[in-house]
Structure formats: structure tokens, C-alpha cells
**Q** 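Structure in C-alpha cells, see below.
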Amino acid sequence: MVGNIGSAAEGAERMEFTVIGDAVNLASRLEGATKEFHTDRLIGESVAELVKDDFYLRSAGKLVVKGKTVPVAVFIPLEEKIPGENPTFDKVWLDQYEEAYQFYIKREFDKAEVLLKKCQEKEPSDYLCDRYIKEIAAFRIDPPGADWQGEFKMKDK
């Protein structure tokens with residue numbers, strides 16, 4: 001919902017134009033999650049669906065944000081797709097990362113780890129590769145429950 005909130009009553013001069021609602025709350029949670037994923041931008045799955053033909057997107061993870069129980073897939077927009085131009089990043093690397101991420105989500109941790117380590121060889125400082133490799137190591141000691149869908153639970157806003 002968008003509109004003026006406040007009171008126009010005499011003596012009450014507090015009126016603000018604002019937005020409220022579930023989408024606004026999710027956007028706020030995603031802004032907070034950028035720190036968790038070491039990135040400047042995150043978008044949710046509904047926005048990703050709208051822009052996937054126009055932008056290169058990287059799967060960041062699935063989040064259960066504070067106040068919700070259903071995981072939301074989140075993505076990092078990398079750059080705009082320009083017809084006839086190659087992206088400025090290594091598209092082969094991104095495809096390999098995405099394949100690794102899909103193996104991770106499907107609990108095929110050995111396959112995911114092999115591909116993530118190959119990605120890490122090309123980009124040693126990549127946070128998400130490192131994060132998922134560490135998650136896989138932890139899951140070998142303490143496997144996720146049967147209801148796990150690949151999500152992280154955000155404790156903060």
C-alpha cells in the first residue's frame with residue numbers, strides 16, 4: 001500500500017508519504033541480508049522472475065527472513081544483458097557455480113563441492129563458494145533435517 005499516513009488534524013502536523021506491506025518488509029529484510037552474503041544487492045525470487053531476461057543473476061541462497069517460515073530464493077544481479085555483447089564476467093564460471101548451487105540444494109554435496117572448488121580456483125576470494133564449501137563440511141558432520149530446503153534462517157532484520 002502506498003499513500004499518506006498520519007493526521008491532518010489541527011495541531012497534528014505529522015503526515016508522511018510511505019509504503020507498507022509484505023513486499024516492503026521483504027525488501028527491508030533483503031537489504032539487511034546483503035551483509036550476510038557480502039554483496040551490495042540482493043533481490044528476491046519475484047523480482048528475479050521479472051528481470052531474468054534482462055540481467056545476469058547469481059543464486060545467492062534461500063532465506064527464511066524474520067517473521068516468515070517459507071524460504072525465499074535470493075539472487076545477486078550481476079549486470080544487464082546487452083544483446084550482441086559478452087558479459088564482463090566469466091559466464092562459464094557463473095554456469096559452473098549455478099550447477100554447483102543446484103547440486104547443493106538437491107543435497108548432492110559431493111558433486112557440489114567438486115564444482116565449488118573448481119570455481120574457487122578461478123576466484124579464490126569468492127565468498128559464496130567458500131560459504132557453501134564450509135556448509136558442506138558442516139553437513140558431513142551434522143546433516144540437515146529432512147525438511148531442509150537449502151535455506152538459511154535470518155535471525156536479525
Side-chain angles (χ1 to χ4, degrees), residues 1-3 5 16-83 85-109 111-139 142 144-145 147-157:
M1 291 178 32
V2 177
I5 295 180
E16 290 185 18
F17 188 79
T18 191
V19 293
I20 58 173
D22 195 50
V24 176
N25 290 338
L26 177 59
S28 175
R29 302 298 191 263
L30 293 182
E31 187 277 330
T34 59
K35 295 177 215 80
E36 181 76 22
F37 287 96
H38 297 225
T39 187
D40 295 341
R41 297 172 302 276
L42 279 176
I43 60 173
E45 55 198 24
S46 59
V47 172
E49 187 61 32
L50 294 172
V51 302
K52 69 182 181 187
D53 294 331
D54 299 314
F55 289 86
Y56 292 101
L57 303 175
R58 181 181 183 191
S59 298
K62 290 184 177 183
L63 293 178
V64 178
V65 297
K66 189 169 183 172
K68 297 291 181 181
T69 57
V70 176
V72 174
V74 294
F75 301 85
I76 301 169
L78 299 176
E79 66 182 62
E80 186 176 3
K81 293 178 181 177
I82 301 173
E85 290 188 27
N86 291 323
T88 60
F89 60 88
D90 184 347
K91 178 80 168 67
V92 173
W93 182 91
L94 178 63
D95 292 342
Q96 190 171 51
Y97 168 83
E98 290 295 332
E99 184 178 4
Y101 178 75
Q102 290 308 312
F103 281 134
Y104 173 84
I105 294 298
K106 293 180 206 170
R107 298 171 182 250
E108 295 183 44
F109 297 130
K111 291 178 182 178
E113 184 178 45
V114 167
L115 290 174
L116 287 166
K117 286 184 175 179
K118 285 182 181 179
C119 288
Q120 200 173 44
E121 287 173 12
K122 290 182 183 176
E123 295 288 337
S125 62
D126 185 77
Y127 172 76
L128 288 177
C129 287
D130 187 54
R131 178 182 186 137
Y132 286 117
I133 289 168
K134 287 177 180 173
E135 287 283 328
I136 289 167
F139 287 155
D142 185 19
D147 61 342
W148 180 80
Q149 300 174 46
E151 75 275 6
F152 299 107
K153 289 188 173 54
M154 297 295 295
K155 294 172 180 60
D156 300 319
K157 287 184 178 182

**Q** Is the distance from the ring center of Phe109 to that of Phe103 below 6.0 Å?
**A** no

**Q** Quick one: does NZ or CZ of Arg107 land under 6.0 Å from the six-membered ring centre of Phe139, within 45 degrees of the ring axis?
**A**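 Relative to the ring axis of Phe139, which defines the angle, Arg107 lies outside at least one limit.
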
**Q** Does Lys117 have any salt bridge (Lys or Arg N to Asp or Glu O under 4.0 Å) partners at least two apart in sequence or in another chain, and if so, which?
**A**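 Result, salt bridge (Lys or Arg N to Asp or Glu O under 4.0 Å) vs Lys117: Glu113.
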
**Q** Can you tell me how far apart CG (Asp126) and CH2 (Trp93) are? Round to the nearest 0.5 Å.
**A**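 CH2 of Trp93 is found 4.0 Å from CG of Asp126.
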
**Q** Restricting to side chain to side chain contact (heavy atoms under 4.5 Å, CB included), what partner residues turn up for Phe89, sequence neighbours left out?
**A**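 Per chain and number, Phe89 pairs via side chain to side chain contact (heavy atoms under 4.5 Å, CB included) with Tyr56, Leu78, Glu79, Pro87, Lys91, Leu94.
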
**Q** Hey, is the main chain of Ser59 close enough, under 3.5 Å, to the side chain of Glu98 for a donor-acceptor pair?
**A**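 Yes; judged by distance alone, with no hydrogens or angles, the pair exists.
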
**Q** What residues, two or more places apart in sequence or in another chain, satisfy side chain to side chain donor-acceptor pair (under 3.5 Å) together with Glu45?
**A**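 By the side chain to side chain donor-acceptor pair (under 3.5 Å) rule, Glu45 matches no residue at all.
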
**Q** According to side chain to side chain contact (heavy atoms under 4.5 Å, CB included), who are the partners of Ala100, at least two apart in sequence or on a separate chain?
**A** Leu115, Leu116

**Q** Between CG of Leu42 and CG of Leu63, what distance do you get to the nearest 0.5 Å?
**A** 7.0 Å

**Q** Please identify each residue that fulfils side chain to side chain contact (heavy atoms under 4.5 Å, CB included) with Val92, with sequence neighbours left out.
**A** Asp90, Lys122

**Q** Look up atom NZ in Lys111 and atom CD in Gln102, then write down how far apart they are to the nearest 0.5 Å.
**A**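 Rounded to the nearest 0.5 Å, the NZ-CD separation comes out at 13.0 Å.
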
**Q** Please report the interatomic distance CD(Gln96) to SG(Cys129), rounded to the nearest 0.5 Å.
**A** 9.0 Å

**Q** Considering only residues two or more places apart or on different chains, which pairs with a residue in residues 57-81 satisfy ring pair (Phe, Tyr, Trp, His ring centres under 6.0 Å)?
**A**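 Sorted result for residues 57-81: empty, none.
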
